[in-house]
Structure formats: C-alpha cells, structure tokens
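Just below is one structure, and these are the notes that go with it.
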2 protein chains.
Amino acid sequence: MVLIEFGKRVRSLREASGLSQEGLAERAHLHRTYIGSVERGERNISLLNIHRLARALDVAPDELLRDSEGLG
Amino acid sequence: MVLIEFGKRVRSLREASGLSQEGLAERAHLHRTYIGSVERGERNISLLNIHRLARALDVAPDELLRDSEGLG
DNA sequence: ATGTGACTTGGAGTCCGTT
DNA sequence: AAACGGACTCCAAGTCACA
C-alpha cells in the first residue's frame, strides 16, 4: 500500500522532529486535519504537496518516497 | 520549478528506454495525452501515478524525485 | 493534540479532435 | 510520433464540526 507507507514515513519523520501535526501543518502551510489524513494513508497526495512536506520536515523530497524497510 | 523538473526526468528516462509517449502511457495504464502534459510540467501529478510511471519506466519511485543536476 | 465523516471547489486525468 | 485545444468526469485539496 503506497499511500499507507508514505503516511508512515511522514509520521515517523515528524515525530523524530518533535513536531505535532499542527506544528507540521503550520510549517508546510497545510491544514492540520489534512496532515492527519495523509499520515493515515487516506490521501493520494500530489507532487507539490510532497515537496511542501519535505521542506517542512527538512528532508529531500525523494526521501519521502524511499522504501522504509527498517523504519519502525 | 518542481513540475518542470519532474517532467524532464520522466522524458529523459522514457527516451532512454526507447519508449514513445504512447508506449509509456500503455505500460503505465495512463492516457497518452496525459503523459505529454506531465512531461511538459503542466500537471501536478499524484503519488499513485508517480508510482505507476516509475513501474512503467523500471525505476524506483524516489528516483523520479531526485534532483537531476547533470541531466540534459 | 489527533481521528473521522462530510462537504465545496479546483484541478487531475480522460477523450475527442486538429496541427 | 508529439503538441495542443475543448469538454468532460472524478478525485485531490482544503476546511469544518465533532468525537
């Protein structure tokens, strides 16, 4: 499940940064509930928003798409 | 320009595979004209379609998002 | 501070055709 | 083979009330 994996990755990176969904939302200029639904894998997020999230999380965009075998 | 860069990357990879836009469209289960507009950077493509393209091009999805400094 | 269902609006994605 | 236009459908984007 591509979207679920993506969401897990975002959540993991966000928590590693000590950010709340609200905090990340603010940094990414996105809505709080939208971040939540992305993390739950409910949204087929588009390329522009992937980049916004990547910037807010301080990682390269392709980092968010990488297969997260040993993630947690 | 995120979308333009992405489009260039797709085009470059497609041509390297010797595929036409039609051929790629078929392999990716997407429309012929859609591939064209993505390559021109006119579309804010979604995550699921990024994966479809990656599979059709035989590369990892994150490969399509990587910064292509020395591309051409 | 997060999960979730529902909603409106803009744009993703398709299909016809012409150049 | 590819760019581009118009018209269409449907889904991503973005927001809200409430659990």
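Remember, it's a predicted structure, so these values are computed and weren't measured experimentally. Below, read A as the first sequence line, B as the second, and so on, with proteins coming before strands; counting in each chain starts at 1.
- Here the C1' atom of nucleotide dT2(C) and the CD1 atom of Ile35(A) are 12 Å apart, to the nearest Å.
- Comparing atom distances between the Arg40(A) side chain and each of dA1(D), dT14(C), dG3(C) picks out dG3(C) as nearest.
- Rounded to whole angstrom, the span from the CZ atom of Phe6(A) across to the C1' atom of dA12(D) amounts to 13 Å.
- The residue Ser37(B) sits apart from the nucleic acid: no heavy atom pair falls under 4.0 Å.
- Considering only side-chain N and O atoms, Asn49(A) lies under 4.0 angstrom from the phosphate OP1 or OP2 of dG14(D).
- What separates CG of Leu48(A) from P of dG10(C) is a distance of 17 Å, to the nearest Å.
- Between the side chain of Thr33(A) and the base of dC16(D), a donor-acceptor pair under 3.5 Å is found.
- Between Arg43(B) and dG11(C) there is no side-chain polar atom (N or O) within less than 4.0 angstrom of OP1 or OP2.
- dG14(D) atom P lies 11 Å from atom NE2 of His31(A), rounded to whole Å.
- Proximity of Arg14(A) to the phosphate of dT2(C): a side-chain N or O atom is located under 4.0 Å from OP1 or OP2.
- Proximity of Asn44(B) to the phosphate of dG11(C): no side-chain N or O atom is located under 4.0 Å from OP1 or OP2.
- The structure places CG of Leu64(A) at 9.5 Å from CG of Leu47(B), a figure rounded to the nearest 0.5 Å.
- When the shell of 6.0 Å around CD of Glu26(A) is examined, it contains 12 or fewer heavy atoms from other residues, nucleotides or ligands.
- As a whole-Å value, the separation of Glu26(A) CD from dA1(C) P is 11 Å.
- In this structure, Leu3(A) places its CG atom 11 Å from C1' of dA12(D), rounding to the nearest Å.
- Within the structure, a side-chain polar atom (N or O) of Tyr34(A) is placed less than 4.0 Å from OP1 or OP2 of dA13(D).
- Protein atom CD of Glu42(B) is 15 Å distant from nucleotide atom P of dT14(C), rounded to whole Å.
- Judged by distance alone, the side chain of Asn44(A) and the main-chain N or O of Leu48(B) form a donor-acceptor pair under 3.5 Å.
- Comparing dA12(C), dT2(C), dC16(D) by their closest approach to the side chain of Ser46(B) singles out dA12(C).
- Contact between the side-chain N/O atoms of Arg32(A) and the OP1/OP2 oxygens of dA1(C) is not found at any separation under 4.0 Å.
- Residue contacts shown for Glu22(B) are limited to sugar-phosphate atoms, with no base heavy atom under 4.0 Å away.
- Closest-nucleotide positions on DNA chain D for Gln21(B) and Leu47(A) were compared, and the one nearer the 5' end corresponds to Gln21(B).
- With Glu39(A) as the fixed residue, the side chain to side chain donor-acceptor pair (under 3.5 Å) test singles out one of Lys8(A), Arg9(A), Arg11(A): Arg11(A).
- The side chain of Arg11(B) places an N or O atom within less than 4.0 Å of a non-bridging phosphate oxygen (OP1 or OP2) of dA3(D).
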